[in-house]
Amino acid sequence: MLVTAATGDAIRRAAQILREGGVVAFPTETVYGLGANALDASAVARIFEIKRRPSFDPLIVHVVDDTMLQRVAQPISPRARILVDRFWPGPLTLILRRTIEIPMIVTAGLETVAVRMPSHPVPHALLLACDVPIAAPSANRFGGLSPTRAEHVVRALGESVDLILDGGPAPLGIESTIVTLEPAPALLRPGALAVEEIEAVIGPLQREIAGETRLAPGRLPQHYAPRTPLHLAARPVPTSDRGRAGYLGFAHAPEGYAAVRILSSSGNLHESAARFFEALHELDALGLERIDAEPLPERGLGLAMMDRLRRAEGDMARRSK
Ligand code: TXA
Ligand code: MG
């Protein structure tokens, strides 16, 4: 069986597959990841093949403890230590200097490596069982919607993966927040850890300029796109234009749409993030002409969701050129 419930036995089998150079999909607290042994260049190459991911897009390496961190990254700065102590395990990815043990394919040739320590019990147990750091991007095809359920992984990647561990829906539902501390503290990708929480600990972060890919290579504008054209609807579209469109709403449902998904009827940003990719997957599967998305407030996790929506909309503009 390709998909299996993430029991202790299944996790041990997955660890064995990883040690033998295989590729395993697994849940994390953010989204599902597609993992390989981060120290095995040819295993990691399979991730790029399966995702059809350009090789200039570096991967995130997952570690379980300080010892494993030291295998992948040079000794970290005092400021990085503060963030690690405060936010790990959890949805924060840090850009650190890599060790020579990390193959170039993982970092796309960079001297830095993206590292995070997941808090979800499945990757925790998997990392302990295989005892190697796991390189894992989100388990979707390059540029597509991130998976928050095992079914999403099956649909996007199917038979190309050696094993898919089903651990139920990913509780946070949106990717980790990526931060670099050098040359200056900067936010490279808004994500499941609110930037305000990080700034409360280490002070202001430089924000990435929209569409700027210099700081975070691989952050191309067309990431996270559904196949259906997506439009950020700051103002209500005319009722006559709604009949064949879907609506992704933050808190309220307008009339006349063919399909509507509301992220949180109480307007809660955490609840919205947990539903976000799932709602997009559902609308995308309906063969609609267009998805109108209501803008979210750009604070807390709203910043990450708006980032993904803008990128999805950017993809539509690119395709219609
Ligand atoms: O929540 C998450 O972070 C999920 C789960 C599976 O952990 N993973 C994830 O990985 O979102 P992925 O591959 O979709 O995003 C990785 C991004 C790259 O696109 C790039 O922007 C950034 O991390 N990145 C990786 N290494 C980097 C580096 N050395 N310098 C700057 N950015 C880097
Ligand atoms: Mg991704």
Side-chain angles (χ1 to χ4, degrees), residues 23-36 38 44 47-48 50-64 72-74 87-99 102 104-120 122-124 126-127 133-148 152-153 156-157 165 167 170-183 186-193 208 212-225 273 276-277 301 304 307-308 311-312:
V23 173
V24 171
F26 56 86
T28 80
E29 69 276 25
T30 57
V31 300
Y32 273 68
L34 181 65
V44 172
I47 294 180
F48 284 91
I50 293 171
K51 287 198 57 144
R52 308 209 185 110
R53 182 176 173 118
S55 54
F56 53 77
D57 194 358
L59 306 182
I60 294 175
V61 175
H62 298 68
V63 299
V64 74
V72 306
Q74 307 275 345
F87 296 114
W88 280 9
L92 171 68
T93 295
L94 289 175
I95 306 302
L96 303 168
R97 258 173 310 195
R98 72 184 184 94
T99 60
I102 292 290
M104 281 294 187
I105 186 167
V106 173
T107 65
L110 296 172
E111 285 309 310
T112 53
V113 59
V115 188
R116 88 178 189 92
M117 188 184 289
S119 63
H120 194 286
V122 171
H124 182 83
L126 184 60
L127 282 159
I134 300 176
S138 49
N140 50 279
R141 288 236 193 261
F142 179 71
L145 288 175
S146 291
T148 58
H152 297 157
V153 182
L157 306 178
L165 293 173
L172 299 176
I174 198 151
E175 297 87 347
S176 62
T177 302
I178 306 181
V179 165
T180 186
L181 295 170
E182 283 166 43
L187 175 71
L188 301 188
R189 176 176 77 182
L193 177 64
E208 194 190 356
E212 165 81 75
T213 54
R214 182 179 49 87
L215 287 174
R219 291 230 62 208
L220 303 177
Q222 77 269 27
H223 257 119
Y224 315 103
F276 179 73
F277 278 118
L301 301 192
D307 171 77
R308 310 303 187 265
R311 283 164 198 275

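Everything numeric in this text was worked out from a predicted model, so none of it was measured. Order of appearance sets the numbers: ligands from 1, and atoms from 1 within every ligand.
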Colleague: Near Ile95, which atoms of ligand 1 are under 4.0 Å from a heavy atom of that residue?
Modeller: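 With Ile95 as reference, the close atoms of ligand 1 come out as 27 (C), 28 (C), 30 (N), 31 (C), 32 (N), 33 (C).
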Colleague: Please report the closest heavy-atom contact between Val31 and Glu175, naming both atoms and the distance.
Modeller: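 What the structure gives for the nearest pair is CG1-N, 4.0 Å.
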Colleague: Contact between ligand 1 and Arg98 is defined here as a heavy atom of the residue under 4.0 Å from a ligand atom; is it met?
Modeller: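 No heavy atom of Arg98 comes that close to ligand 1.
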Colleague: Using only atom types and a distance under 3.5 Å, with no angle test, would you say the side chain of His124 pairs donor to acceptor with the backbone of His120?
Modeller: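 No.
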Colleague: Does either side chain, that of Ser146 or that of Arg308, offer a donor lying less than 3.5 Å from an acceptor on the other one?
Modeller: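 There is no such pair between these side chains.
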Colleague: Any N or O of Thr28 that comes nearer than 3.5 Å to an N or O of ligand 1?
Modeller: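 Between Thr28 and ligand 1 (N or O atoms, distance only) the closest approach is not under 3.5 Å.
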Colleague: Going by the order shown, which atoms of ligand 1 are within less than 4.0 Å of some heavy atom of Leu59?
Modeller: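 So the atoms of ligand 1 that pass are 25 (C), 26 (N).
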Colleague: Any nitrogen or oxygen of Arg116, main chain or side chain, under 3.5 Å from a nitrogen or oxygen of ligand 1?
Modeller: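 Yes, since at least one N or O of Arg116 sits under 3.5 Å from an N or O of ligand 1.
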Colleague: Counting heavy atoms only, name the option from Ala136, Gly33, Gly191 that's nearest to atom 8 (N) of ligand 1.
Modeller: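 It is Ala136 that holds the nearest heavy atom.
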Colleague: Within the structure, does Tyr32 bring an N/O atom to less than 3.5 angstrom of an N/O atom in ligand 1?
Modeller: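 Such a contact does not occur with ligand 1.
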Colleague: List the residues meeting ring-ring contact (aromatic ring centres under 6.0 Å, His included) with His62, not counting sequence neighbours, and say none if there are none.
Modeller: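 Partners of His62 by the ring-ring contact (aromatic ring centres under 6.0 Å, His included) criterion come out as none, since no residue qualifies.
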Colleague: Quick check on contacts: which atoms of ligand 1 are under 4.0 angstrom from a heavy atom of Ile60?
Modeller: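 Under 4.0 Å from Ile60, ligand 1 has these atoms: 3 (O), 8 (N), 9 (C), 10 (O), 16 (C), 23 (O).
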Colleague: Please step through side chain to side chain contact (heavy atoms under 4.5 Å, CB included) for the pair Leu157 and Leu34, ending with a clear verdict.
Modeller: CA-CA 10 Å; Leu157 306 178; Leu34 181 65; 4.0 Å; yes
Colleague: Just checking, any donor-acceptor pair under 3.5 angstrom between side chains of Thr93 and Ser176?
Modeller: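 Per modelled atom types, Thr93 and Ser176 side chains form a pair under 3.5 Å.
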Colleague: Going by distance only, is there an N or O of Lys51 that falls short of 3.5 Å from an N or O of ligand 1?
Modeller: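 Min N/O separation from ligand 1 is not below 3.5 Å for Lys51.
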Colleague: Applying a 4.0 Å heavy-atom criterion (strictly less than), which segment of Thr112 is in contact with ligand 1: side chain, backbone, both, or neither?
Modeller: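 Contact part for Thr112 vs ligand 1: both backbone and side chain.
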Colleague: For Ile178, counting its heavy atoms only, list the atoms of ligand 1 lying under 4.0 Å from any of them.
Modeller: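 Every atom of ligand 1 under 4.0 Å from some heavy atom of Ile178: 17 (C), 22 (C), 23 (O).
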Colleague: Where the closest heavy atom to atom 3 (O) of ligand 1 is concerned, which of Ala170, Pro91, Ser176 has it?
Modeller: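 The residue whose heavy atom sits nearest atom 3 (O) of ligand 1 is Ser176.
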Colleague: Show which atoms of ligand 1 fall inside a sub-4.0 Å distance from at least one heavy-atom site of Leu110.
Modeller: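 Under 4.0 Å from Leu110, ligand 1 has these atoms: 28 (C), 29 (N), 30 (N).
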Colleague: Applying a 4.0 Å heavy-atom criterion (strictly less than), which segment of Thr180 is in contact with ligand 1: side chain, backbone, both, or neither?
Modeller: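 Thr180 to ligand 1: no contact under 4.0 Å from either part.
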Colleague: So, are Arg98 and Glu111 salt-bridged, with charged N and O less than 4.0 Å apart?
Modeller: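 Salt bridge: yes.
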Colleague: Mark yes or no for whether Arg141, through its side chain, and Ile50, through its backbone, hold a donor-acceptor pair below 3.5 Å.
Modeller: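 Side chain of Arg141 to backbone of Ile50, a donor-acceptor pair under 3.5 Å: yes, one is there.
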Colleague: Going by side chain to side chain donor-acceptor pair (under 3.5 Å), name the residues that satisfy it together with Thr177, two or more places apart in sequence or in a different chain.
Modeller: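 Not a single residue meets the side chain to side chain donor-acceptor pair (under 3.5 Å) criterion with Thr177.
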Colleague: N/O/S atom of Asn140 under 2.8 Å from the Mg ion (ligand 2), yes or no?
Modeller: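 So Asn140 does not count as coordinating the Mg ion (ligand 2).
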Colleague: Counting only N and O atoms by type, is there a donor-acceptor contact under 3.5 Å from the side chain of Glu29 to the main-chain atoms of Leu172?
Modeller: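 No; zero donor-acceptor contacts below 3.5 Å.
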Colleague: Which of the atoms of ligand 1 are close to Pro58, meaning less than 4.0 Å from one of its heavy atoms?
Modeller: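 Contacts of ligand 1 toward Pro58, numbered from 1: 16 (C), 18 (C), 24 (N), 25 (C), 26 (N), 27 (C), 33 (C).
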Colleague: Check whether any side-chain heavy atom of Ile60 sits under 4.5 Å from a side-chain heavy atom of Val115, and report yes or no.
Modeller: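 In short, these two side chains do not touch, never coming nearer than 4.5 Å.
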Colleague: Does ligand 1 have an atom under 4.0 Å from some heavy atom of Thr107?
Modeller: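 Under 4.0 Å: no for Thr107.
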Colleague: Go through ligand 1 atom by atom and flag the ones less than 4.0 Å from a non-hydrogen atom of Ser138.
Modeller: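 The list of qualifying atoms is 8 (N), 9 (C), 10 (O), 12 (P), 14 (O).
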